[in-house]
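Each chain gets a letter, A, B and so on, in the order the sequences are listed, and its residues count up from 1.
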2 protein chains.
Amino acid sequence: MVRSSPLDQQAIKRQNRRLILEALQRQGPLSRAELAREVGLTKSTVSALVQEMLEEGLLGEGRLHNPGLGRPGTRLEFRSENALALGVDLGVDDTQVIVLDLNRQIQAVWEWVESPSTSLSERLFKLARQVQNQLPHYPRLLGIGLAIPGVVKQQELLYAPGLGWRKERPAETLSNLLHLPVALENNANAAALGETFWGENHSPLLFIMLTTGLGTGLVVEEQVYRGRHGAAGELGHWLLGSQPRHHPPSVVEHQLSLRAIVGHYQSQSGRSEGFRGLLEHASRGDRPALEALEELAYRLGCFIANAAVAYDPAVVVLGGPGAEAWPWLEAPLRAALKEQAFIPEHAELPIRPSAFGHLAPAMGAAALVLQRFLANGGTRDWSPPISTLGTRPTIGGSKSRRKRYA
Amino acid sequence: MVRSSPLDQQAIKRQNRRLILEALQRQGPLSRAELAREVGLTKSTVSALVQEMLEEGLLGEGRLHNPGLGRPGTRLEFRSENALALGVDLGVDDTQVIVLDLNRQIQAVWEWVESPSTSLSERLFKLARQVQNQLPHYPRLLGIGLAIPGVVKQQELLYAPGLGWRKERPAETLSNLLHLPVALENNANAAALGETFWGENHSPLLFIMLTTGLGTGLVVEEQVYRGRHGAAGELGHWLLGSQPRHHPPSVVEHQLSLRAIVGHYQSQSGRSEGFRGLLEHASRGDRPALEALEELAYRLGCFIANAAVAYDPAVVVLGGPGAEAWPWLEAPLRAALKEQAFIPEHAELPIRPSAFGHLAPAMGAAALVLQRFLANGGTRDWSPPISTLGTRPTIGGSKSRRKRYA
DNA sequence: TTAGTAAGTTCAACGAACGAACTAAAAATA
DNA sequence: TATTTTTAGTTCGTTCGTTGAACTTACTAA
């Protein structure tokens with residue numbers, strides 16, 4: 001159990017800095033007076049805290065804005081060069097990297113394909129080189145978020161079936177390469193966080209990642225729900241009904257996944273193309289393709305009805321390549337859900353495709369870093385620099401408490 | 001979205017009082033020095049806060065304890081007459097009431113049967129009379145927790161299928177009758193909270209309520225997980241596999257519940273007795289009864305495997321009348337779970353029957369009240385006294401901020 | 001030019017925790 | 001029995017973050 005610690009005045013300050021920073025992140029540039037109204041602090045307190053953050057280089061003052069009566073306010077915004085995070089999505093056969101700042105600006109997107117045989121460390125080396133070459137100021141990054149399709153428990157990758165990795169510590173490796181804090185997360189969990197962090201914060205939010213396989217991520221009150229072993233939400237492994245005893249279990253993923261639906265399509269149509277081809281045919285009105293998508297929608301609807309009973313989400317977001325079929329899925333999926341919903345609210349459950357397309361996990365990975373940074377009131381000490389581990393004098397202990405805001 | 005508010009010095013104080021009170025609740029009577037070590041505050045701070053709470057009558061000083069070197073500490077404990085909560089479980093055909101204090105002492109237990117036709121308000125009146133007659137000092141109760149088998153959203157009972165109630169506000173009614181704060185909660189959720197509050201705090205904890213029907217409750221980091229509409233965990237309504245289209249859905253509850261298993265037993269044995277009779281036969285080694293329990297265990301194992309994939313709990317607690325079959329269930333259930341587990345950790349998932357038997361929901365209902373009281377640092381203002389609503393001058397607003405610790 | 005309005009700053013005061021130095025009460029030791 | 005050691009609890013001056021009132025600044029309206 002995590003025992004919460006006593007509060008001191010530093011904690012007040014950190015929390016109030018956090019509120020200010022989160023307001024700026026959510027609502028864009030604001031003046032001191034607007035901030036004061038927004039977060040419920042006095043103008044004097046906001047002034048003092050903002051003053052510090054200006055001196056730290058975290059915020060910058062912009063040109064006046066807000067034309068109207070009275071003295072115009074000073075525009076406060078993040079100095080994006082000091083509020084940058086890297087989001088990385090290590091997919092099964094490609095890598096997405098996105099550089100984001102707290103002003104919601106995408107500074108860069110890099111994508112490349114990977115051969116499935118590439119080892120994890122090779123991929124991390126490649127990533128590190130890319131960062132060093134493309135981002136001359138990369139040491140000023142706040143950190144790196146790493147999304148991987150696998151079970152993650154306390155910064156350790158336990159299993160990544162699609163990639164064939166087990167018991168790896170990629171966060172540690174990457175942190176040592178780039179001397180930056182790295183946060184590791186399951187890709188569906190990351191994507192779910194990204195949706196609430198960058199979009200509207202509905203809670204709970206369920207993200208359904210429809211790829212070759214099937215995975216989900218849940219975010220409750222801005223926190224990723226991981227469960228005890230980081231295995232929560234691996235709903236692709238739900239078992240179908242009561243299993244015949246002593247048989248290998250048949251799981252949802254065998255029915256509901258791109259592999260499953262493409263298999264269904266191929267056996268019905270006699271064609272051998274993949275999901276992309278299926279979509280092409282569907283857009284031309286091809287009967288077997290449309291029928292396959294309708295089947296997918298129906299199965300997805302049943303699945304969402306079950307997930308709704310378990311999690312009772314406020315909103316469901318669909319991601320992964322499967323989300324590209326959304327125009328064909330929407331209507332039959334709704335119909336299936338209406339049929340199967342437990343409470344009437346679930347029949348009307350808001351469902352939408354991710355706003356970030358295939359970049360959703362990378363966006364979420366970046367959000368992971370920025371969220372942590374904000375939660376600490378804009379300090380970088382969320383993770384000790386691994387590079388210097390053991391060479392530094394011990395920090396902490398009641399005597400040598402460090403002053404955090406210089 | 002709940003916007004968190006800025007912290008002031010009162011918040012520090014409340015949080016530190018909370019830590020002290022929680023330590024006392026978890027670990028029993030402690031001295032000031034032990035408290036200081038336990039929660040990480042200085043002796044002076046603990047002394048000051050304890051002093052206040054002594055004056056408020058919340059704590060009392062006991063006889064010296066802790067024999068050993070040095071001056072013995074003063075035993076601090078709750079004055080139970082000022083730290084009492086009532087937990088109520090409105091079951092389908094009975095009512096359980098339990099009076100608990102923060103020293104973990106059960107002060108009273110009342111139970112009575114109910115006719116299923118009794119209306120909700122009748123049951124509440126009866127309860128209120130009982131409280132007034134049996135607890136002369138009831139106005140000093142901290143509050144009442146009310147557990148009901150139904151979907152609860154923000155203190156409103158949306159549906160209680162077993163009881164035939166819809167859209168009721170029993171918390172408001174009871175609060176008006178007794179002039180006490182009342183917290184309403186789903187019974188499985190309440191029971192889950194009770195397990196973590198009164199027992200070891202593992203997170204997440206999944207409580208499975210095996211009664212005529214099937215319901216579950218989830219507690220994550222000491223918080224009940226309710227979902228958007230309070231419908232999370234109604235896993236009895238999970239759908240079995242892919243449903244045939246346009247058919248009424250077949251749900252888990254039809255396979256896994258006492259009604260289902262008794263039906264199975266009756267059809268196999270030709271007998272017409274209920275679950276209690278089944279258990280009697282089983283304890284005498286009766287073949288059909290044992291077979292029925294084994295079937296129950298198998299289905300429960302499959303169910304837990306699915307729930308584990310969704311929630312990845314640290315521990316599963318079994319409650320309701322079904323838990324009385326635990327001695328027969330344990331071994332086959334484990335075997336089924338081992339077969340079906342997704343990750344190896346789930347094969348070894350700790351599962352145990354509730355320590356509180358049929359009183360688990362009532363215990364949890366009381367915990368709901370006490371937890372809230374502690375979370376506020378031991379103040380009673382967690383809910384405005386409904387009785388005086390509208391007749392009091394407005395509290396709050398930046399001018400008239402009330403001093404909380406008199 | 002002047003009045004009005006809103007933004008932002010300054011500063012004394014408050015309140016909470018802290019920590020060092022103290023007193024209190026017991027066991028251990030001589 | 002007297003003294004030392006050890007731990008419990010108190011006292012009080014210090015530190016620090018927020019507050020609120022009074023102030024200055026910068027703009028619009030008349």
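- As rounded to whole Å, 10 Å separates atom C1' of D:dT19 from atom CG of A:L41.
- Listed nucleotides: C:dA16, C:dC18, C:dG8. Nearest to the side chain of B:K13: C:dA16.
- B:M363 has its side chain within reach of B:L100: a pair of non-hydrogen atoms, C-beta onward, lies under 4.5 Å apart.
- When rounded to the nearest whole Å, the span between CZ of B:R17 and C1' of C:dG15 equals 15 Å.
- Distance CG (B:L76) to P (D:dA8): 12 Å, rounded to an integer number of Å.
- Looking at the side chain of A:T45, the nearest of the listed nucleotides D:dG17, D:dT19, C:dA16 is D:dT19.
- Atom C1' of nucleotide C:dA16 and atom CE of B:M53 are separated by 14 Å, given to the nearest angstrom.
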Any chance you could list the contact pattern along nucleotides 10-15 of chain D? Use B for base contacts, S for sugar-phosphate-only contacts and - for none, protein heavy atoms under 4.0 Å, 5' to 3'.
BB----

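- Computed from coordinates, the B:D8 CG to C:dA17 C1' distance equals 14 Å when rounded to whole Å.
- At whole-Å resolution of the value, CD in B:Q15 and C1' in C:dA17 are 14 Å apart.
- Annotation: salt bridge (Lys or Arg N to Asp or Glu O under 4.0 Å) contacts of A:R226 (sequence neighbours excluded): A:E185.
- When the side-chain contact (heavy atoms from CB on, under 4.5 Å) test is applied to A:A36, the partners found at least two apart in sequence or on another chain are A:K43, A:V46.
- For the pair B:R75 CZ and D:dG9 C1', the computed distance is 18 Å after rounding to whole Å.
- Atoms CG (B:L35) and P (D:dT7) sit 18 Å apart, rounded to a whole Å.
- With B:L76 as the fixed residue, the side-chain contact (heavy atoms from CB on, under 4.5 Å) test singles out one of B:I20, B:L30, B:V50: B:V50.
- The side-chain contact (heavy atoms from CB on, under 4.5 Å) test applied to B:R79 returns B:E81, B:N82, not counting sequence neighbours.
- Neither OP1 nor OP2 of C:dA16 sits under 4.0 Å from any side-chain N or O of B:R14.
- By the side-chain contact (heavy atoms from CB on, under 4.5 Å) test, B:A355 pairs with no residue at all, sequence neighbours left out.
- When the nucleotides C:dG8, D:dA29, C:dA27 are ranked by their closest atom to the side chain of B:L69, C:dA27 comes out on top.
- Of the candidate nucleotides D:dA26, C:dG8, D:dA29, D:dA26 has the atom lying nearest to any side-chain atom of A:P72.
- Close to C:dA17, at under 4.0 Å from its OP1 or OP2, lies a side-chain N or O of B:N16.
- Toward the 5′ end of DNA chain C lies the nearest nucleotide of A:A33, the other residue of the pair A:A33 and A:L7 mapping further downstream.
- Scanning for side-chain contact (heavy atoms from CB on, under 4.5 Å) contacts around A:Q25 gives A:F78, A:L102, A:R104, A:F197, A:W198, A:L374, with sequence neighbours left out.
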